[in-house]
Amino acid sequence: MKVPLEWLREFVVIDIEPYELADKLTMRGLEIESIEKISPQFKGVVVGRIKQIERVTELDNISLCIIDTGNKDVSVLCGAKNIKKGDKVPIALPGAELPGMPVIEEKTIKGYNSVGMLCSERELGLSDDHSGIFILPDDFTVGKELREEPGLDDIVLDINVTPNRGDCLSIFGIAREVASILNQKAKIPIFELPKDRKGKIEDFISLKVFDLEACPRYVLRMIENVDIVPSPYWMRRRIQRCGMRPINSIVDVTNYVMLELGQPLHAFDYERLKQRRIEVKLAERPITFCTLDGEDRALEKGDLLICDGEGPVAIAGIMGGENSEITNATRIIALESAYFNPLFIRRTARRLGLKSEASLRFEKGIDLENVDFSAQRAIALMHEIAGGVVIDGSLEINDAKKREGIFVSFGKINEVLGTNIDHSTILNALRSIDLHIVREEEKGFVVSVPWFRHDINEYMDIVEEVARIYGYDNIPVTTPRSPVVQFRKNKKNKIVSKVKEFLVSSGFFEVINFAFLSVKDIENFFISDGDERFSYVQILNPISKEYGIMRTFMAPNVIKNIAYNINRGIKNAKLFEIGKVFHPIKNEKLPREDIHLFLALTGKERDYYWKEQYKNFDFFDIKGVVEGIGERFGLNFVFQKTKEPFLEEKYSSDVFLEDVKIGWIGEIKKDVLTLYEIEQKVYGGEVNLMPFIEKAILDFKYRSIPRYPQVVRDFSFFVDESIPASTVIDKIKEMSPLIISVDIFDMFRKEKRSISFRVVFQSFEETLRDETVNEIQEKIIKEITKIDGISLRV
Amino acid sequence: MNEIEELRLKIDGKLVSINSLESLTSVKAELLGRKGLFANLIDRIKLLSKEEKKIYGQSINALKVYTENRLNEIKIGLEQKQKEMADKASWIDITLPGKAPLVGKIHPITKVISEIIEIFVSLGFSVVEGPEIELDYYNFEALNIPSDHPARDLQDTFYIKEGVVLRTHTSPVEIRVMESQLPPVRIISPGAVYRCDNDISHTPMFHQVEGLMVDKGIRFSDLKGILTIFIHEMFGEDIALRFRPSYFPFTEPSAEVDICCVICGGKGCRVCKDTGWLEILGSGMTNPQVFRNVGYDPEEVTGFAFGLGVERIAMLKYGIDDIRQFYYNDLRFISQF
Ligand SMILES: [Zn+2]
């Protein structure tokens, strides 16, 4: 809501600096978004009065005007037609500066001297009106610098009005708060309907409201023989400074009163209303209706309409129809002032995607008690600026209910706020914003809430008002008195952060992506229809196709991150992301949300180091990281041949935890990478952390360091390629409980594949004797070489 | 005595030829060894008369001592030289770059969330989580935002299907927690939230941390207390802050918390829109209607809730001016945190 201070001062005396006022309003919950200073861009323009106008015969359409500029008369040539003798006009004297124009000079045309220039509003930079000379208000002083006249300089506060405070969408509403801040009462506008009224409104028009729930109050008033002309400068200026566009005397008045009092009004061209009737009713079936912006609107059953004898003339509270709008030919006005149920307005406005200044106010709830006052105010203003004769009386339907009073205890207020505010301060605070204290008791009071405050319905709403007016700054700062609450353990959170720690210390960088994918991403990874990753949650209104669905796996986004970095010259990367993936569950409203870990390696550990050279990352680099994570949480992953469609089968594997596949690791297929414009190898790995979190062991027990020495024995075998090394390791481990570890310390290929194993023996009860170990050693050799395809290397 | 002089010259000649510890050993053997020069001379002394023995013996002996001393000097010299040579061979250029361990980095969003969690955990809050795809009921209705409520305009919602949305804030977790337990409640809930918005100051996904404290006798002044502690921990003891009335459908009274602009120090700048203040979080006393919705009795308990924008805090803390930076995942960006 834009609030020009010049206008606001009509209702309240502002005796503090604008910045201070802005600050106080902000601390009242009316946050000032900006403070705009308006000051005229011209210099050397004075108020003049036209003493004489003469046509100049030698020049087409040009008059010579004699202008009284206070201390002397000057002659000016002027081409405008809207001026007459006696008008006060702005005259730019020689030396004057106008925005975007060369300095004004004295000129002589065909022997006529022109000392300066009469200006339009546009030439002065006041508006874009260039239809004629700016006729100044009569109370301006001849000879005075125009820029010194009141109202030209102004300050406009742009206030962010929260959705609960519809009452502050008007200058008067803001004035009420300002008055409360400054210990005043806002002054209600004073006006009178003209005495010489004509006829009776009942003879002109009839009114019927069919749905009182949708429209509990409706007022019609009329005025005839109006002039559809531009409204006066002061009115246009205020409308403009509030961010609206002046149109004509009638429409401007409806907007002006809406801005002033918060009551949206609608003016109908009476003569275009069929059968001279107004009926307020809900649409019974879908119809198309052309609003005054020329758009056809599809109305549905239940939309609240204003109809004449034949059909709709307005979508109630949202926008009028083309069929009854004010035109230059309009002579008689039927003015609507009504209260429409916010729910109806909001529903229709939202569905039509049509918002207006009126609907904005109706859907927040306007002042039900102000409906007719605003209509009278508008009729009086119309009479003032558009002339005409007011038709006597009004038609009104009023089904307004009384609001219940709210009982609030003083104790409760102070209890909730943690304050000790005395009773009179509380009551005065509430009175200052026009809440009515109906009854005061020892322990509390009953407050009646006026109809402009739709946000106040129970005691807590009153507590809020007291806090707001008392000042949040004045409420003490305390710590809760309640004892410590039972702490909830969160294993998931703990493990996720420990996995992150592990990865960062292993050189990985964390990335965070939007949890979206496109269907194309799934296809890019050759994932087939039946795959779980192809059953996704779709967003009905996505930002773009690229973000059309919720991700079902992590890989595509991180692969895109790799491409992004490679394109920027970063060819070595170790990335990880931990985030949610989403899978719909049959017959459930909400999908399953799993936490996945994704790892990616590309390039090499380092490009160079002067002492040594680095090899590119390979399968074992990614496998080692995954094994490391398992070990960190006391879990043992098993790696088996994979069938993932996007992996190079030879350099990849599935990851199992206790016989359940929880993910995969390996080299991403070239065909996939090409789709993301990556030319170098990328190793990835994706693991579902849900089963992992469930089984992970966080609390390790200390195992005492063995008092007896270890014995180490090495074995070398020729192992056929068809036999996985892990099979041999598992077999060796089975040989004796004294074996605590089996590692591979060498492997090479000549004619046959040779693998060397290091086996560590350890007893926790005694020093191992050579004979014992020798016995196991013999057994290992004997048993392992029994396997077809394995022989001892001597 | 010519013979002795000749011998000395001969010995000096030998000694001069020594250029390494190896040649020293062989010269030493040649002269002083069991079959060396002096051994020979001593054998010859045995054949001389007593007189001659005495004179000759003395001269030979002096010569031997001389030889031994010289050999010793040469040895020390050679050892010194060898040590110097060895030093030279093992010299390194200490200005060459060292080999730094390769450590990764946590994303700044995670970093800020962890800091927030740490502060609230120390204040006795537990961490809980909720779904990111949420029922309309939890995201809106139960939080006092019915479908026709104007506050729905404040949030551009992603819709999944009838009654299901991408959560627009972390507040639905409050409802889920209160539905699942009786008071007292003291929780925080970090996580991703979604809004249909994409420009220099909005991303369609961002992060919030929700907080909720419910018990008998929780006051607005307690809300001020807890959040003041948090802001001082997060931005430093000296930072000025203010609580300003605002509006959220699920809290009442509601308060927005501003901190003194970290860019201009409160003088007014572009970032703070000349106000000198930066909005940092939203908060308020839980609306009694919300308590009724979860079956708590608002006459029995009171509480407060707050919501922090993680990206916003990170941007202010690190001076980042474009929220989208967080989601490009440029390593040159992430490696700075
Ligand atoms: Zn600033």
Side-chain angles (χ1 to χ4, degrees), chain A residues 26-29 162-164 343 346-347 363-364 416-418 460-461 463-464 467-468 472 475-482 484-485 487-488 490 493 500 503-505 507-515 537 539-541 543 547 561 564-565 570 573-574 580 582 589-591 593 605 609-610, chain B residues 96-97 99 102-107 109-110 114 124 126-128 131-133 135 148 150-151 154 158-160 163-164 184 186 192 196 198 204-205 213 215-222 224-225 228 242-247 252-253 255 273 285 287-288 302 326-331 334-335:
Chain A
T26 295
M27 292 309 282
R28 272 289 180 101
T162 51
N164 58 325
L343 295 182
R346 190 171 163 72
R347 196 176 56 205
E363 66 181 36
K364 287 173 182 143
V416 171
L417 297 179
M460 206 58 161
D461 303 315
V463 173
E464 176 173 51
R468 209 167 60 79
Y472 282 14
I475 294 171
V477 175
T478 60
T479 43
R481 294 161 297 188
S482 48
V484 174
V485 174
F487 197 74
R488 289 190 182 204
N490 189 326
N493 206 50
K500 286 184 180 180
L503 288 168
V504 167
S505 63
F508 281 81
F509 288 80
E510 187 188 18
V511 296
I512 297 182
N513 288 290
F514 300 144
V537 175
I539 300 164
L540 294 179
N541 56 332
I543 290 270
Y547 299 148
N561 298 149
Y564 182 96
N565 279 290
I570 302 161
K574 292 167 86 171
K580 280 185 171 175
F582 305 84
K589 281 203 119 172
L590 295 184
E593 300 186 4
E605 194 78 48
Y609 182 63
W610 57 271
Chain B
L96 281 168
K99 191 175 178 186
L102 295 173
V103 182
K105 286 283 169 71
I106 281 286
H107 194 284
I109 289 174
T110 307
S114 311
S126 305
V127 182
V128 297
E132 292 175 20
I133 300 181
L135 296 176
D148 283 321
L154 301 176
F158 282 115
Y159 294 94
I160 298 298
V164 181
R186 208 184 271 203
C196 205
N198 201 13
M205 184 185 97
M213 184 163 189
D215 203 348
K216 284 189 173 117
I218 298 285
R219 302 157 296 179
F220 189 80
S221 56
D222 297 331
K224 282 186 76 174
T228 301
R242 69 175 186 185
F243 290 78
R244 170 167 61 75
S246 187
Y247 169 72
E252 183 162 45
K273 289 198 237 151
M285 301 300 287
N287 192 307
T302 48
F326 291 112
Y327 296 98
Y328 294 140
N329 292 307
D330 190 320
L331 282 172
I334 299 171
S335 59

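Proteins get letters first, then strands, A, B, ... in listed order; numbering begins at 1 in each.
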task = With a 4.5 angstrom heavy-atom cut-off, could you sort out which part of B:D215 is near chain A: side chain, backbone, both or neither?
result = side chain
ask   = What part of A:I570 gets closer than 4.5 Å to chain B, counting heavy atoms only: side chain, backbone, both or neither?
value = side chain
ask   = Are any of the side-chain heavy atoms of A:I512 and B:F326 separated by less than 4.5 Å?
value = no
Minimal non-hydrogen separation, A:I539 against B:F158, with atom names = CG2-CD2, 3.6 Å
query = Looking at B:I334, B:N198, B:L331, which has the largest count of heavy-atom pairs under 4.5 Å with chain A?
reply = B:L331
key: Under 4.5 Å from any heavy atom of chain A - which part of B:A192   = neither
For A:T162 against B:Y247, the heavy-atom pair lying closest together = CB-CB, 3.5 Å
request  = Report yes or no: does A:D461 contribute a side-chain atom to a donor-acceptor pair with the main-chain N or O of B:E252 at less than 3.5 Å?
outcome  = no
task = Answer with side chain, backbone, both or neither: which region of A:T479 has an atom nearer than 4.5 Å to a non-hydrogen atom of chain B?
result = both
query = Counting distance only, does the side-chain N/O of B:E132 pair as donor-acceptor with the main-chain N or O of A:K580 below 3.5 Å?
reply = no
task = Please flag which part of A:N513 lies under 4.5 Å from any non-hydrogen atom of chain B: side chain, backbone, both or neither.
result = both
ask   = Within a strict 4.5 Å, meaning less than it, do heavy atoms of the B:C196 and A:N541 side chains meet?
value = yes
ask   = With only heavy atoms counted, which part of B:V103 is less than 4.5 Å from chain A, the side chain, the backbone, both or neither?
value = both
query = Measuring heavy-atom distances to chain B, does A:V511 have an atom under 4.5 Å in its side chain, in its backbone, in both, or in neither?
reply = both
task = Find the distance between NE2 (B:H107) and CZ (A:F509) and round it off to the nearest 0.5 Å.
result = 12.5 Å
task = Under 4.5 Å, counting heavy-atom pairs only, tell me which of A:V463, A:N164, A:L343, A:N493 racks up the most with chain B.
result = A:N164
message = Please classify the contact between A:L590 and chain B as side chain, backbone, both or neither, with a heavy-atom cut-off of under 4.5 Å.
response = side chain
request  = Just give me the residue among A:S505, A:A467, A:P480, A:A515 that pairs up with chain B most often, heavy atom to heavy atom, under 4.5 Å.
outcome  = A:P480
Contact class of B:S114 relative to chain A, heavy atoms under 4.5 angstrom = neither
ask   = Do you know which of B:P184, B:G217, B:P204 has the most heavy-atom pairs with chain A at a distance under 4.5 angstrom?
value = B:P204
ask   = Roughly how far, to the nearest 0.5 Å, is NZ of A:K574 from CG of B:L102?
value = 6.5 Å
request  = Could you tell me whether the side chain of A:L417 reaches within less than 4.5 Å of the side chain of B:P253, counting heavy atoms only?
outcome  = yes
Test side-chain contact (heavy atoms from CB on, under 4.5 Å) applied to A:W610 and B:L96, step by step = CA-CA 9 Å; A:W610 57 271; B:L96 281 168; 3.4 Å; yes
ask   = Do you know the tightest heavy-atom contact between B:A255 and A:Y472?
value = CB-CE2, 3.5 Å
message = Between B:S221, B:S246, B:G225, who has the most heavy-atom pairs with chain A when the cutoff is under 4.5 Å?
response = B:S221
query = Highest number of heavy-atom pairs under 4.5 Å with chain A: which of B:R242, B:M213, B:K99?
reply = B:K99
ask   = So do A:T478 and B:K224 actually touch side chain to side chain, heavy atoms under 4.5 Å?
value = no
remark   = Okay, A:Y609 and chain B: the region with an atom under 4.5 Å from a heavy atom over there is side chain
query = Are any non-hydrogen side-chain atoms of A:L540 and B:I160 less than 4.5 angstrom apart?
reply = no
key: Pairwise side-chain contact, A:T26 with B:R244, heavy-atom cut-off 4.5 Å (strictly under)   = yes
4.5 Å side-chain heavy-atom contact, A:E464 and B:N287 = no
query = Contact part of A:P591 toward chain B, heavy-atom cut-off under 4.5 Å: side chain, backbone, both or neither?
reply = side chain
request  = With rounding to the nearest 0.5 Å, note down the distance linking CZ in A:F508 to CD1 in B:I106.
outcome  = 12.5 Å
query = Run the side-chain contact (heavy atoms from CB on, under 4.5 Å) check on B:K105 and A:E510 step by step: do they pass?
reply = CA-CA 6 Å; B:K105 286 283 169 71; A:E510 187 188 18; over 6 Å; no
Note, A:F582 side chain near B:I133 side chain (heavy atom, < 4.5 Å) = yes
Gap between atom OG1 of B:T110 and atom NZ of A:K500 - 0.5 Å precision = 3.5 Å
